[in-house]
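Owing to the predicted nature of the structure, the values given are computational and were not obtained by experimental measurement.
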Amino acid sequence: SDLAPTYAMREAFLKRRDLLLVELKKIPEWLVNKPQGAFYVLPDVSACFGKKHKQGIITNSDDLAMYLLQDAKVAVVNGDAFGAPNCLRISYSLSEEKISEAITRMRAALDKLS
């Protein structure tokens, strides 16, 4: 069977992963690891815990996920269900353009925290 489409898909996902990693590393407070599988990055975002915004305080990854949804209009998942309570689960299954746009919006939202 012809595996060319599978290889092309794998390359596209690796390119998206690498783009997401480059963009996430621009957020100095977050600790970013390089995933070896799946379609997700789980950065440690605990440096944001205790920071404030107009509606309240970020006390955990769930609070941060909700803040990013409300302020940046970006959907991420807290890491609790994946055994990583200090992390967010961020998918890179979207297009490169959408990944870049999401990170731009997230960074703008994070800049508003104090």
*Side chain proximity check, Lys51 to Ile57, heavy atoms < 4.5 angstrom*: no
*asked:* With a 4.5 Å cut-off on side-chain heavy atoms, are Thr6 and Met9 touching?
replied: no
_Contacts of type salt bridge (charged side-chain N to carboxylate O under 4.0 Å, His left out), residue Lys25, not counting sequence neighbours_ = none
*Looking at CG of Leu88 and OG of Ser46, how far apart are the two atoms once the value is rounded to the nearest 0.5 Å?*
10.5 Å
*What are the two closest heavy atoms between Asp80 and Asn78, and how far apart are they?*
N-OD1, 2.9 Å
*Hey, are Glu101 and Lys98 close enough for a salt bridge, meaning a charged N less than 4.0 Å from a carboxylate O?*
no
*Of all the heavy-atom pairs spanning Leu42 and Cys87, show the shortest one and how long it is.*
O-SG, 3.6 Å
*asked:* Restricting to side chain to side chain donor-acceptor pair (under 3.5 Å), what partner residues turn up for Asn86, sequence neighbours left out?
replied: none
*Group every Ile, Leu, Val, Met, Phe, Trp and Tyr by side-chain heavy-atom contacts under 4.5 Å, then state whether Trp30 and Met66 land in the same group.*
no
*Determine, using the 4.5 Å side-chain heavy-atom cutoff (strictly less than), whether Val32 and Val22 are members of one ILVMFWY cluster.*
no
*Which heavy atom of Glu29 sits nearest a heavy atom of Ala47, and at what distance?*
O-CB, 3.4 Å
*Might you point out which heavy atoms bring Phe49 and Asn60 nearest each other, and give the distance in Å?*
CE2-C, 3.3 Å
*Evaluate side chain to side chain contact (heavy atoms under 4.5 Å, CB included) for Thr59 paired with Leu64, printing each intermediate quantity in order.*
CA-CA 8 Å; Thr59 59; Leu64 185 57; over 6 Å; no
*Give the cluster check for Phe39 versus Leu21: same hydrophobic cluster or not, with ILVMFWY residues linked at side-chain heavy-atom distances below 4.5 Å.*
yes
_From CA spacing to verdict: side chain to side chain contact (heavy atoms under 4.5 Å, CB included), Asp18, Lys34_ = CA-CA 8 Å; Asp18 292 344; Lys34 184 176 184 179; 4.3 Å; yes
*Roughly how far, to the nearest 0.5 Å, is CD of Glu23 from OG1 of Thr104?*
6.0 Å
*Got Lys73 and Leu69 here, is their nearest side-chain heavy-atom distance under 4.5 Å?*
no
_Taking Ala109's backbone N and O only, do any of them form a donor-acceptor pair with Tyr67's side chain (distance below 3.5 Å, no angle check)?_
yes
*In one Ile/Leu/Val/Met/Phe/Trp/Tyr side-chain cluster, 4.5 Å: Ile90, Leu19*: yes
*asked:* Is the distance between the ring centroids of Tyr40 and Tyr92 under 6.0 Å?
replied: no
*State the CE-CD1 distance between Met106 and Ile27, to the nearest 0.5 angstrom.*
5.0 Å
*Looking only at atom types and distance, does a side-chain atom of Arg16 sit under 3.5 Å from a main-chain N or O of Leu94, one as donor and one as acceptor?*
yes
*Answer yes or no: is there a side-chain heavy-atom contact under 4.5 Å between Leu110 and Cys48?*
yes
*Closest approach of Gly79 and Ser61, non-hydrogen atoms and distance?*
N-OG, 3.7 Å
*Calculate, to the nearest 0.5 Å, the distance between atoms CG and NE2 belonging to Leu68 and His53 respectively.*
9.5 Å
*Co-membership, hydrophobic cluster, residues Val74 and Leu24, 4.5 Å side-chain*: yes
